[in-house]
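Below, read A as the first sequence line, B as the second, and so on, with proteins coming before strands; counting in each chain starts at 1.
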Amino acid sequence: MPRIELPGDRHVELPEGEPIGSILPPEAVAARFDGELVDLSFVPSGDGKAEPVELSESDGLHVLRHSAARVMAQAVCDLFPLARYAIGPPVEDGFYYDFDLPEALTPEDLPRIEARMAEIVAANQPFVREELSRAEALERFADQPYKREIIESLDETEGALGERVSVYRNGAWSDLCLGPHVPSTGRVGEAFKLLKVAGAYWRGDERRPMLQRIYGTAWASRADLESYLTRLEEAERRDHRRLGQQLDLFSSPEELGPGLWVWHPRGGVFRKQLEDYVRELHLARGYDLVVTPHIARSVLWETSGHLAKYADNMYPPMRSESGDYYVKPMNCPFHVLVYKSRTRSYRDLPMRLAELGTIYRHERIGTLHGLLRIRGGTQDDSHIVCTPEQLVDEIRSVFDLTLEILGTFGFADPVINLSTLPGQSIVDEEMAARATQALRSALDASGLAYTDAEGEGAFYGPKVDFHFRDAIGRLWQLTTVQVDFALPERFQMEYVGEDNRRHRPVMIHRAILGTLERFSAVLIEHYGGAFPLWLAPEQVWLAPVADRHLEHARGLAERFRAAGLRVYVDDSGETVGKKVRAAQLMRAPYTLVIGDREVESGALTVRDRSGAETKGVPVERFIEALVAEASSRSLEQTRW
RNA sequence: GCCGGUGUAGCUCAGUUGGCAGAGCAGCGGUUUCGUAAACCGCAGGUCGUCGGUUCGAGUCCGACCACCGGCUCCA
């Protein structure tokens with residue numbers, strides 16, 4: 001009789017052949033046996049440690065969603081008998097399943113599938129785990145080519161089953177699946193919803209067939225489902241494309257071309273604040289600002305290796321009598337030319353060349369997405385040229401600057417990845433190892449936690465990425481730091497050392513915000529369009545009650561402008577209610593209603609974004625407070 | 001690039017089985033001069049994404065193209 005250890009240091013004897021679920025609480029949807037996720041029907045062959053897996057933990061939700069995916073596939077097969085089903089894993093917040101169907105699914109099919117799922121759930125069919133030999137499994141899935149391909153491609157080392165594969169059967173339907181699953185379809189419950197249909201390549205490979213993917217979500221309770229759907233709505237309200245339109249910040253007219261954007265006056269003001277801040281801070285941290293053109297001869301891109309490794313993402317060349325010119329997809333070769341414009345001494349190093357450099361990349365049309373994925377954008381780019389000895393300290397100073405800049409916007413606690421070199425690189429292994437080691441040392445020395453991501457680096461070197469969480473918990477990749485031994489080599493970069501001999505420097509590529517376009521999109525979503533005062537297009541919005549108050553309002557506006565504040569006077573002749581509404585819709589930080597009271601008293605009535613109103617604020621105090629709030633780049637509104 | 005969806009006024013969207021292109025908001029003009037998220041009246045605004053086809057007749061049906069939206073990493 002296996003002796004099972006339960007949480008709380010309890011031990012029970014499990015009768016031979018009894019499933020582990022029989023000694024776990026009824027809330028359990030699965031179990032963990034010696035750390036492995038298993039079904040409740042799992043029968044231990046020996047002693048071990050068992051824990052219940054419940055819906056209150058992520059493993060429990062994972063199992064629930066996996067099972068929900070199965071139920072969905074079953075429903076689809078019921079409704080579309082010709083369906084061939086491929087894979088259906090749980091994903092963050094939900095699940096999907098990929099199908100090969102003769103007809104195209106439409107969003108209208110989703111309610112039908114959901115209804116069928118509900119029937120399957122109501123039927124409460126047990127999920128029965130079976131272990132079959134490969135031959136049996138191939139037989140079982142004779143008319144399911146995707147399942148057969150998976151079975152055939154399974155390598156014996158995969159899973160603990162060796163030559164056997166596991167199949168879960170419920171009712172007349174079965175699926176090849178590792179499991180575990182909830183004990184029966186009834187446990188999937190009613191807190192699920194199908195969200196969208198999309199295309200997806202079989203095994204993510206664009207040379208393989210395009211399947212139809214249905215995304216769904218499933219939760220422990222109705223309330224959890226509702227709050228998830230509310231979260232989705234909140235994300236939609238914050239969508240930078242929608243806010244960009246509503247707030248009149250930018251647009252991408254069709255005549256311009258996909259992935260290209262024009263910034264309107266309100267967006268332009270915001271962007272200037274960003275740019276000024278970035279430039280100012282870089283100067284203060286020992287960077288030098290440089291300016292470089294948008295195009296260069298092909299020889300530059302040959303030397304840099306871009307034509308060999310990056311040509312797919314570059315616009316085709318412009319031909320002229322002096323040769324072919326390419327629009328730049330990166331700034332690095334230009335900064336190398338700045339470096340090489342004269343003989344450099346070790347005394348010049350580190351040289352930190354920075355530029356808000358505009359680049360153009362011919363991204364595939366289907367991957368473009370608002371300002372987040374664009375074809376033309378401006379990076380806060382810098383290339384630090386230093387000696388190998390300076391490398392780790394320089395990387396650390398980039399990390400410091402990253403935390404400082406992003407902290408200003410309210411981003412903290414980055415999730416950091418160290419990406420090692422991809423196969424297709426222009427760097428030899430020894431260089432790559434040194435570069436990776438430098439990044440690792442800098443991360444360790446800075447006390448930053450990180451995880452390794454293999455093969456994700458740029459073609460010229462390994463990199464460290466910083467991801468930051470926004471106000472509603474989504475992660476955005478912003479900062480990239482790359483160490484590069486290759487370009488200095490390719491461009492024969494040198495410096496004269498203390499020993500009066502020539503040495504090869506190392507180069508760090510880094511962008512902290514990424515592109516300003518992308519970063520702006522992230523900021524807009526992070527703030528929901530309600531920018532902190534220093535970034536707001538209008539800082540003070542004046543709403544005169546009647547036309548006779550316009551003159552007083554204009555006088556105030558002049559005083560505010562003289563103090564360096566950005567002001568808008570609503571002289572529309574609409575009602576105050578309408579003016580206040582307009583100000584709120586445009587996310588004005590401070591709205592001043594100017595009427596008889598204000599004209600007489602000379603004081604201000606201040607309305608902030610929350611709608612809270614303070615009467616009798618002296619003009620001088622208001623100006624002082626706003627100037628302080630803006631110049632400190634505060635994320636909080638002033639309390640009066 | 002591929003799969004699916006969507007393109008009607010500046011914006012958000014109606015538009016029956018093919019039969020004279022609509023509303024609200026925004027804009028402009030007038031009236032109102034008002035105290036905190038939408039005053040009233042009027043005017044103007046369109047090659048219905050583009051090109052081609054079917055038809056007596058196309059926003060509507062067919063084809064091609066363009067653009068946008070959702071996806072194409074999560075591996076039985």
Side-chain angles (χ1 to χ4, degrees), chain A residues 62 66 69-70 73 85-98 100-101 103-109 137 141 144 146-154 158-159 161 165-168 174-179 195-215 239 241-242 245-246 248 251-259 312 362-370 453 456 543-550 572-586 588 591-598 605-607 611-613 615:
Chain A
H62 203 77
H66 200 177
R70 209 88 319 146
Y85 45 112
I87 57 166
V91 292
E92 190 174 0
D93 294 334
F95 59 87
Y96 68 77
Y97 213 113
D98 288 346
D100 190 348
L101 291 167
E103 70 259 62
L105 290 169
T106 67
E108 289 73 54
D109 291 319
F141 295 104
Q144 291 294 335
Y146 299 99
K147 297 296 170 187
R148 292 175 60 95
E149 182 178 330
I150 293 164
I151 296 164
E152 279 160 2
S153 67
L154 280 181
E158 231 169 308
L161 291 172
V165 299
S166 60
V167 170
Y168 281 78
S174 58
D175 193 4
L176 182 70
C177 184
L178 274 175
L195 299 174
K196 54 198 170 194
V197 288
Y201 296 106
W202 169 231
R203 302 206 147 173
D205 183 340
E206 62 190 35
R207 291 162 308 200
R208 309 297 307 270
M210 174 64 71
L211 305 176
Q212 299 190 64
R213 174 170 296 180
I214 303 177
Y215 281 95
D239 190 311
R241 293 165 300 183
R242 175 189 172 124
Q245 157 100 286
Q246 286 170 358
D248 195 13
S251 60
S252 176
E254 205 172 317
E255 304 90 304
L256 206 52
D312 284 354
H362 196 260
E363 302 282 357
R364 294 160 104 202
I365 191 91
T367 62
L368 301 175
H369 181 93
E456 303 282 311
V545 172
D547 285 353
R548 67 175 179 280
H549 309 116
L550 246 178
S572 64
E574 293 287 350
T575 59
V576 203
K578 183 102 171 242
K579 290 174 185 172
V580 169
R581 175 180 153 83
Q584 289 287 123
L585 288 176
M586 294 309 261
T591 305
L592 304 180
V593 174
I594 309 294
D596 291 338
R597 285 204 292 274
E598 288 70 28
T605 300
V606 182
R607 185 190 161 105
E613 185 189 77
K615 293 194 174 75

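Taking atom C1' on both nucleotides, B/C66 is separated from B/C20 by 30 Å, rounded to a whole Å. Taking the P atom of each, B/A44 and B/G24 are spaced 14 Å apart, rounded to whole Å. Nucleotides B/C43 and B/G35 place their P atoms 30 Å apart, quoted to the nearest Å. Spacing between B/U54 and B/C69 at atom C1', rounded to whole Å, works out to 30 Å. Spacing between B/U33 and B/G49 at atom P, rounded to whole Å, works out to 45 Å. B/G19 and B/U55: their C1' atoms are spaced 12 Å apart (whole Å). Straight-line distance between the P atoms of B/C62 and B/A26: roughly 38 Å, to the nearest whole Å. Separation of the C1' atoms belonging to B/A14 and B/U8 is 10 Å when rounded to the nearest angstrom.
A donor-acceptor pair is defined here as one N or O able to donate and one able to accept, closer than 3.5 Å; such a pair exists between the side chain of A/Thr106 and the backbone of A/Glu108. At distances below 3.5 Å, at least one donor-acceptor pair connects side-chain atoms of A/Arg70 with backbone N or O atoms of A/Gly88. Within the 3.5 Å criterion, the main-chain N or O of A/Glu103 finds a donor-acceptor partner in the side chain of A/Gln212.
Heavy atoms of A/Pro258 sit under 4.0 angstrom from primed sugar atoms or phosphate atoms, though from no base atom. Contacts of A/Gly577 with the nucleic acid, taken as non-hydrogen atoms under 4.0 Å apart, involve only primed sugar atoms and P, OP1 or OP2. Contact annotation for A/Asp596: base contact, defined as any heavy-atom pair under 4.0 Å involving a base atom. Among the protein residues, A/Ile365 comes within range of the nucleic acid bases, having at least one heavy atom under 4.0 Å from a base atom. Within the 4.0 angstrom heavy-atom criterion, only backbone atoms of the sugar-phosphate kind lie near A/Val576; the bases stay farther away. Backbone-only contact: A/Ala200 has heavy atoms under 4.0 Å from sugar-phosphate atoms and none from a base. Nucleic acid contact for A/Thr367: base, since at least one base atom lies under 4.0 Å from a heavy atom of the residue. Across all strands, A/Leu211 comes closer than 4.0 Å to no nucleic acid atom at all (heavy-atom distances). Within the nucleic acid shown, A/Thr106 has no heavy atom closer than 4.0 Å to any nucleic acid atom. Within the 4.0 angstrom heavy-atom criterion, base atoms lie near A/Glu598. When heavy atoms are screened at a 4.0 angstrom cut-off, A/Pro90 is found touching the sugar-phosphate backbone but no base atom. Note on A/Gly611: nothing from the nucleic acid sits closer than 4.0 angstrom, heavy atoms only. The residue A/Lys579 sits apart from the nucleic acid: no heavy atom pair falls under 4.0 Å. Among the atoms of the strands shown, only primed sugar atoms or phosphate atoms (P, OP1, OP2) are found under 4.0 Å from some heavy atom of A/Gly204.
Between the CG atom of A/Leu368 and the P atom of B/C66 there is a distance of 14 Å, rounded to whole Å. One atom, NE2 of A/His549, and another, P of B/G35, lie 10 Å apart when rounded to the nearest Å. Taking atom CD of A/Glu254 as the reference point, atom C1' of B/C68 lies 8 Å away to the nearest angstrom. In this structure, A/Arg70 atom CZ and B/C75 atom P are separated by 13 Å, rounded to whole Å. The CD1-C1' distance, from A/Ile214 to B/C3, rounds to 14 Å in whole Å. Distance A/Leu178 CG to B/C75 P: 11 Å, rounded to the nearest Å. Atom CD in A/Glu206 sits roughly 13 Å away from atom P in B/C72 (whole-Å rounding).
Proximity note for A/Glu574 (side chain, C-beta onward) versus B/C66, B/A39, B/C34: the nearest is B/A39. Comparing atom distances between the A/Met210 side chain and each of B/A37, B/U33, B/G71 picks out B/G71 as nearest. With B/G4, B/A37, B/G1 as the candidates, the nucleotide lying closest to the side chain of A/Val580 is B/A37.
Contact between the side-chain N/O atoms of A/Arg597 and the OP1/OP2 oxygens of B/G35 is not found at any separation under 4.0 Å. Put simply, A/Tyr215 has a side-chain N or O that comes within less than 4.0 Å of OP1 or OP2 on B/C72. Between A/Arg213 and B/C2, a side-chain N or O to OP1/OP2 separation shorter than 4.0 Å is absent. Residue A/Thr575 has a polar side-chain atom (N or O) positioned under 4.0 Å from OP1 or OP2 of B/A39. Distances shorter than 4.0 Å separate some side-chain N or O of A/Lys578 from OP1 or OP2 on B/A26. In terms of phosphate contacts, A/Arg203 brings no side-chain nitrogen or oxygen within less than 4.0 Å of OP1 or OP2 of B/C72. Of the side-chain N and O atoms in A/His369, one or more sit less than 4.0 angstrom from OP1 or OP2 of B/G70.
Helical stems of RNA chain B (runs of at least 3 Watson-Crick or G-U pairs, donor-acceptor distances under 3.5 Å) are listed by first residue: B:1-7 with B:66-72, B:10-13 with B:22-25, B:27-31 with B:39-43, B:49-53 with B:61-65.
Using a 4.0 Å cut-off between charged nitrogen and carboxylate oxygen, A/Lys147 and A/Glu149 do not count as a salt-bridge pair. Between A/Asp205 and A/Arg203, no side-chain nitrogen of the basic residue sits less than 4.0 Å from a carboxylate oxygen of the acidic one, so the salt-bridge criterion is not met. Between A/Arg364 and A/Glu206, at least one side-chain nitrogen of the basic residue sits less than 4.0 Å from a carboxylate oxygen of the acidic one, meeting the salt-bridge criterion.
Minimum interatomic distance between A/Gly259 and A/Leu368 (heavy atoms only, all atoms of both residues): N-CD1, 3.8 Å.
Checked by distance alone, A/Arg607 brings a side-chain donor or acceptor within 3.5 Å of a matching partner on the base of B/U36. Within 3.5 Å, no donor on the side chain of A/Tyr96 pairs with an acceptor on the base of B/G71, nor the reverse.
Tested against A/Tyr146, the residues A/Leu211, A/Ile151, A/Ile87 include a single side chain to side chain contact (heavy atoms under 4.5 Å, CB included) partner, A/Leu211.
Checking A/Asp596 against A/His549 by side-chain atom types alone, a donor-acceptor pair falls below 3.5 Å. A/Thr605 and A/Glu598 share a donor-acceptor pair across their side chains, judged by distance under 3.5 Å alone.
Where A/Leu585 and A/Trp202 each meet RNA chain B at their nearest nucleotide, the meeting point lying more 5' is that of A/Leu585.
Expressed to the nearest 0.5 Å, how far OH of A/Tyr215 lies from CG of A/Asp98 amounts to 7.5 Å. The NZ atom of A/Lys578 sits 10.5 Å away from the CG atom of A/Leu585 when rounded to the nearest 0.5 Å. Between atom CD of residue A/Gln144 and atom CG of residue A/Asp175 there is a gap of 8.5 Å, rounded to the nearest 0.5 Å.
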Grab the N/O contacts between the protein and nucleotides 10-17 of chain B below 3.5 Å, and write none if there aren't any.
{"unit_1": "B/C11", "atom_1": "O3'", "unit_2": "A/Gln245", "atom_2": "NE2", "d": "3.1"}

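Taking the ring axis of A/Tyr201 as reference, the NZ or CZ atom of A/Arg208 does not stay both within 45° of it and closer than 6.0 Å to the ring centre.
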